[in-house]
Amino acid sequence: MAKRLYGLRGATGAANTKESVQAGVTEMCRRLFAENGLAAQDIVSVHFTLTNDLTALNPAFALRCGDVGIDVSSCALFTSQEAAVEGAPSGMVRVLVHAYLEDGVSPRHVYVNGAEKLRPDFVRK
């Protein structure tokens with residue numbers, strides 16, 4: 001079966017500590033990669049954004065240091081600050097993963113640790 005490029009989304013809530021950001025990014029990415037059956041060679045890039053109140057740890061560094069089930073050492077990682085929008089929740093790390101999946105699959109997006117409020121339509125019970 002042919003593969004095509006998909007955008008996989010996710011988010012996690014975190015407190016402004018290294019431990020909280022590390023745990024949230026690790027959980028979110030482990031689930032995102034596993035639920036979509038990703039291998040390192042499927043991933044084109046991983047782009048994180050984080051709200052301006054999270055300064056303790058870069059989520060790209062957290063991904064490289066976390067146990068997410070696959071070796072991401074050769075994946076292109078990038079982090080930028082989330083746009084400041086009035087009324088938006090604080091303490092959020094978002095991710096957009098560009099990856100190849102089998103054509104026609106339904107991508108599985110992962111929202112955890114309080115980020116479920118961002119996209120309740122993506123939350124699975």
Side-chain angles (χ1 to χ4, degrees):
M1 186 162 212
K3 288 191 172 191
R4 82 173 207 40
L5 187 62
Y6 285 86
L8 306 173
R9 296 181 50 193
T12 184
N16 191 31
T17 67
K18 290 179 181 181
E19 298 79 15
S20 181
V21 173
Q22 180 69 61
V25 167
T26 299
E27 177 188 1
M28 172 184 60
C29 289
R30 182 186 308 120
R31 286 189 48 194
L32 190 63
F33 298 163
E35 291 182 20
N36 287 287
L38 292 180
Q41 64 268 19
D42 298 323
I43 299 173
V44 174
S45 64
V46 180
H47 183 179
F48 292 99
T49 64
L50 68 165
T51 52
N52 65 0
D53 58 316
L54 297 178
T55 59
L57 185 67
N58 184 322
F61 181 81
L63 176 59
R64 286 209 195 280
C65 295
D67 179 10
V68 294
I70 61 173
D71 179 9
V72 295
S73 61
S74 63
C75 297
L77 307 180
F78 188 78
T79 302
S80 58
Q81 188 171 328
E82 185 75 25
V85 176
E86 189 174 315
S90 60
M92 292 290 145
V93 178
R94 292 172 174 85
V95 69
L96 173 61
V97 178
H98 294 100
Y100 285 97
L101 299 172
E102 296 296 327
D103 192 17
V105 302
S106 294
R108 309 276 316 238
H109 308 287
V110 173
Y111 288 76
V112 294
N113 302 318
E116 296 88 348
K117 62 188 167 196
L118 297 173
R119 290 300 305 259
D121 54 323
F122 286 156
V123 176
R124 290 174 305 285
K125 307 275 189 276

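Sequence positions, counted from 1, serve as the residue numbers for this chain.
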### Task
Scan side-chain atoms only and decide if Thr55 and Asn16 contain a donor-acceptor pair under the 3.5 Å cut-off.
yes

### Message
Looking at every non-hydrogen atom in both residues, tell me the closest pair between Gly13 and Ala115 and how far apart they are.
### Response
N-CB, 4.0 Å

## Note on the structure
In short, Arg94 meets Ala11 closest at the heavy-atom pair CG-CB, 4.0 Å

### Message
Donor-acceptor check, side chain of Glu116 to backbone of Gly114, threshold 3.5 angstrom: yes or no?
### Response
yes

### Task
For residues Val110 and Glu35, determine if any side-chain heavy atom of one lies less than 4.5 Å from a side-chain heavy atom of the other.
yes

### Query
Distance from Met92 atom CE to Leu50 atom CG, nearest 0.5 Å?
12.0 Å

## Note on the structure
On a heavy-atom basis, the closest approach of Pro89 and Lys117 is CB-CE, 3.8 Å

### Query
Looking at Glu27 and Asn113, what are the two nearest heavy atoms and their distance?
OE1-ND2, 3.0 Å

### Side chain proximity check, Asp42 to Lys3, heavy atoms < 4.5 angstrom
yes

### Task
Measure the shortest side-chain to side-chain distance between Leu38 and Leu101 over non-hydrogen atoms and say whether it is less than 4.5 angstrom.
yes

### Task
Mind checking side chain to side chain contact (heavy atoms under 4.5 Å, CB included) for Ala23 and listing every partner two or more places apart, or none if nothing turns up?
none

### Stacked cation flag Arg4 on Tyr6, 6.0 angstrom / 45 deg
yes

### From CZ (Arg64) to SG (Cys75), nearest 0.5 Å
7.5 Å

### Message
Show me the pairs that pass ring pair (Phe, Tyr, Trp, His ring centres under 6.0 Å) and involve residues 85-107, at least two apart or across chains.
### Response
none

### Set of residues satisfying side chain to side chain donor-acceptor pair (under 3.5 Å) with respect to Ser106, sequence neighbours excluded
none

### Task
Using the side chain to side chain contact (heavy atoms under 4.5 Å, CB included) rule, take Ile70 and Ile43 through it: C-alpha gap first, then chi angles, then the decisive distance, then the call.
CA-CA 11 Å; Ile70 61 173; Ile43 299 173; 3.6 Å; yes

### Query
Of Val112, Val68, Leu8, Val46, which meets side-chain contact (heavy atoms from CB on, under 4.5 Å) against Leu32?
Leu8

#### Entry: Side chain proximity check, Cys29 to Phe48, heavy atoms < 4.5 angstrom
yes

### Message
Could you tell me if the side chain of Arg9 sits less than 4.5 Å from the side chain of Tyr111, heavy atoms only?
### Response
yes

### Message
Looking only at side-chain N and O atoms, does Asn52 offer a donor or acceptor that is under 3.5 Å from a partner on Glu82?
### Response
no

### Query
Side-chain contact, heavy-atom cut-off 4.5 Å: Leu63 with Leu77?
yes

### Task
For Thr51 and Ser90, indicate whether the former's side chain and the latter's backbone hold a donor-acceptor pair under 3.5 Å.
no

### Task
Can you measure from CG (Asn58) to CD (Gln22) and round to the nearest 0.5 angstrom?
11.0 Å

### Message
Using the rule given for side chain to side chain contact (heavy atoms under 4.5 Å, CB included), can you reason through Phe33 versus Val97, listing the C-alpha separation, both sets of side-chain angles and the distance that settles it, and then say yes or no?
### Response
CA-CA 9 Å; Phe33 298 163; Val97 178; 4.2 Å; yes

### Message
For Ala15 versus Ser20, what's the shortest heavy-atom pair and its separation?
### Response
N-OG, 2.8 Å

#### Entry: Val95 and Pro59, any side-chain heavy atoms less than 4.5 Å apart
no

### Query
Does the Asp53 side chain pair with the main chain of Gly91, one donor and one acceptor, at a distance under 3.5 Å?
yes

### Arg31 side, atom CZ; Thr26 side, atom OG1 - distance, nearest 0.5 Å
13.5 Å

### Summary
Note: Pro107 and Val105 closest approach over all heavy atoms is CD-O, 3.4 Å

